[in-house]
Amino acid sequence: MKHFCTLVVFALSSFSFAGDNGGKPTNPDTVEMWIDDLGRLTPFGRTFDVYIQTGFDPEFSQPDGSSRPPYMIGSTRGSEIPTRAFAWNIEGDVFKNRNDATYPFLENCPECIEYWQGYTTFETWEQDDGTVVSCDIPGTYWDCIQSNPYQRWMYLGQNYTPVNWDAPGGIPNTFDLTNLEYFWCDSWILHGEPGKKYGAFGTPKYPQVQQQHADLITPHYSLNRVIKFWTPLDTIVGQVCCSSPGQNDYGDLIMWRGTDVDWSSEKHPGSYHIARFTGPDYFGSGGVIRFACNQGYPCDRAPYFVDYYADNSCPSDLNEDGTVGFQDLLQVLGDVAASKYHPQTNNGFSAVLKVLSEWGNCND
């Protein structure tokens, strides 16, 4: 079952490939998912960024010549031909330079939860067994959202992307991101660069992931891997929670609602930054990239496949000279002294211990 994504997806579909070991495509006009290997920034495994390149092919670009933003990744659906399954596979530890218990996620904002638990509307909620509950009963609106597997926002456990919930005056809202100084070696699903705001009103964008897939960067406790796989979706299903927008399963893992702003990468023009990981030994994904329709550019889906093996054979050898030694220790000590590891974790202390425990020649 090694590298489940590679074996199963390749067996069910034919894909175009990114560069060597998932690297940047040599053709700047192709649609690909690819990996930017940032190296060994910490002794916890390589740090790498995941991008989707959509390119500048005039036939597929926006009317002004800029690249078109990705809208979803997932499988084909309905009668779409050729069919494509979807897979997403992460193997190995996923390092986080944060403390999820104190990060300003929704579950760490009790005032936010209290507000939404008391929120009522005039609609009804039809449950899976046919029971109809009035949404004017406090708690119904909140309970519906928390039980909806297709919900993409405001559910507990949405800890795969940075967000800052707060409730000044008792009214919940999201605010400018905090802890950006610790992003350099963290692990997140992204909608562009973290902390960047878009549009005339300067609002952030967030990747949208259905509640049923919220563990997309959380390895299984015993398998130490994340496996998301499904065959082409036959029928679109969904659920409506009181007055909240209807939530549907389109066979997608991630949706980026950002067609109204330019969230393309400044570092890699024509590409879009969708994730950063530290630690995993392997990352692979395959399926189709979708584009929003009626935006002035073609929205035909594009097949993709990426396969990346991180060299974590000697993770404390930060300068990759074949030996874990003083230069590696000095780099870690410098990062600790500069408070680059989150103070509400023991990451800095663990980094020092890890270098010392792996001291010496990598081949010994």
Side-chain angles (χ1 to χ4, degrees), residues 2-6 17-26 33-51 89-99 179-188 190 194 217-226 267-268 273 275-285 306-364:
K2 186 68 172 173
H3 305 316
F4 179 88
C5 170
T6 305
F17 285 80
D20 183 47
N21 195 28
K24 191 172 186 177
T26 55
M33 181 181 289
W34 64 279
I35 305 299
D36 184 10
D37 186 342
L38 304 180
R40 292 175 180 162
L41 306 184
T42 75
F44 302 109
R46 303 188 83 85
T47 298
F48 58 92
D49 286 330
V50 184
Y51 288 89
N89 186 12
I90 302 170
E91 297 183 9
D93 295 330
V94 174
F95 176 78
K96 296 179 180 180
N97 195 22
R98 63 181 184 272
N99 186 337
N179 299 298
L180 289 175
E181 63 270 33
Y182 307 113
F183 171 73
W184 65 286
C185 65
D186 214 332
S187 298
W188 295 110
L190 301 170
I217 66 169
T218 305
H220 188 276
Y221 70 93
S222 62
L223 299 176
N224 201 26
R225 69 194 308 176
V226 177
K267 180 180 179 182
H268 300 289
H273 194 186
R276 171 165 291 184
F277 290 107
T278 295
D281 300 316
Y282 173 78
F283 171 81
S285 183
V306 66
D307 201 30
Y308 170 70
Y309 298 82
D311 179 7
N312 290 328
S313 57
C314 190
S316 292
D317 179 19
L318 303 186
N319 61 4
E320 302 191 59
D321 64 353
T323 301
V324 179
F326 286 106
Q327 287 191 354
D328 305 307
L329 180 59
L330 288 175
Q331 179 175 329
V332 169
L333 290 174
D335 291 337
V336 172
S339 301
K340 296 178 69 174
Y341 289 102
H342 199 290
Q344 293 179 336
T345 69
N346 62 356
N347 290 343
F349 180 68
S350 297
V352 174
L353 288 183
K354 200 166 189 301
V355 170
L356 294 176
S357 67
E358 297 175 3
W359 196 269
N361 194 307
C362 289
N363 297 320
D364 289 345

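Note: hydrogens, waters and symmetry copies are ignored here, and every other heavy atom, side chains too, is used.
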Can you confirm if the NZ or CZ of R98 lies within 45° of the ring axis of W188 and under 6.0 Å from the centre of its six-membered ring?
yes

Testing D317, N312, L318 for side-chain contact (heavy atoms from CB on, under 4.5 Å) with C314, which one passes?
D317

CG on L333 to CD on Q331, rounded to 0.5 Å
10.5 Å

Straight-line distance of H342 NE2 to K96 NZ, nearest 0.5 Å:
13.0 Å

Side chains of W184 and T42: closer than 4.5 Å at any heavy-atom pair?
yes

I'd like to check H268 versus K24 (side-chain heavy atoms, cut-off strictly below 4.5 Å). Are they in contact?
yes

May I have the step-by-step check of side-chain contact (heavy atoms from CB on, under 4.5 Å) for E91 and Y309, ending in yes or no?
CA-CA 10 Å; E91 297 183 9; Y309 298 82; over 6 Å; no

Check C362 against V324 and note the closest heavy-atom contact, atom names and distance.
SG-CG2, 4.3 Å

Contact between V94 and T278 at the side-chain level, heavy atoms closer than 4.5 Å - yes or no?
no

Heavy-atom check, side chain of D93 versus side chain of P219, under 4.5 Å:
no

Going through the checks in order, is the side-chain contact (heavy atoms from CB on, under 4.5 Å) test met by D36 and L38?
CA-CA 6 Å; D36 184 10; L38 304 180; 3.7 Å; yes

Evaluate the side-chain contact (heavy atoms from CB on, under 4.5 Å) criterion for residues M33 and S285: first the C-alpha distance (whole Å), next the side-chain angles of each, then the deciding distance (0.1 Å), finally the verdict.
CA-CA 8 Å; M33 181 181 289; S285 183; 4.2 Å; yes

If you measure from the Lys or Arg side-chain nitrogens to the Asp or Glu carboxylate oxygens, is any gap between D37 and R46 under 4.0 Å?
yes

Spatial distance of atom CG (L190) from atom NE2 (H273) [nearest 0.5 Å]
5.0 Å

Going from CG on D335 to SG on C185, what distance comes out if it is rounded to the nearest 0.5 angstrom?
8.0 Å

Apply the test side-chain contact (heavy atoms from CB on, under 4.5 Å) to residues R225 and I90: give CA-CA distance (whole Å), side-chain angles for both, the deciding distance (0.1 Å), then the verdict.
CA-CA 5 Å; R225 69 194 308 176; I90 302 170; over 6 Å; no

Specify the closest pair of heavy atoms between P280 and A310, including all atoms of both residues, with the distance to one decimal.
O-CB, 3.4 Å

Is the shortest heavy-atom distance from the side chain of F283 to the side chain of I35 under 4.5 Å?
yes

Tell me if the CD atom of Q344 is crowded by more than 12 foreign heavy atoms within 6.0 Å.
yes

Looking at CD of E358 and CG of L356, how far apart are the two atoms once the value is rounded to the nearest 0.5 Å?
10.0 Å

Assert yes or no for the condition that the ring centre distance of F48 to F277 is strictly below 6.0 Å.
yes

Indicate the atoms forming the closest heavy-atom contact of P343 with Y182, along with that distance.
CD-OH, 3.2 Å

Heavy-atom side-chain contact between N89 and V226 under 4.5 Å
no

Under a 3.5 Å distance rule, please check whether D321 uses its side chain to pair with a backbone N or O of T323 as donor and acceptor.
yes

Rounded to the nearest 0.5 Å, what separates atom OG in S313 from atom CD in E320?
8.5 Å

Are any of the side-chain heavy atoms of S350 and F44 separated by less than 4.5 Å?
yes

What pair of heavy atoms forms the shortest contact from P25 to W34, and how long is it?
CD-CG, 3.5 Å

Quick one: do R40 and D311 make a salt bridge, cutoff under 4.0 Å?
yes

Test item: D328 side-chain N/O and N319 main-chain N/O as donor-acceptor pair under 3.5 Å
yes

N99 and side-chain contact (heavy atoms from CB on, under 4.5 Å): which single residue from N179, T345, N347, N346 fits?
T345

Contact summary for D186 and N97, nearest pair of heavy atoms:
OD1-N, 3.0 Å

Spell out, as yes or no, whether a donor-acceptor pair under 3.5 Å connects the side chain of K354 to the backbone of P43.
yes

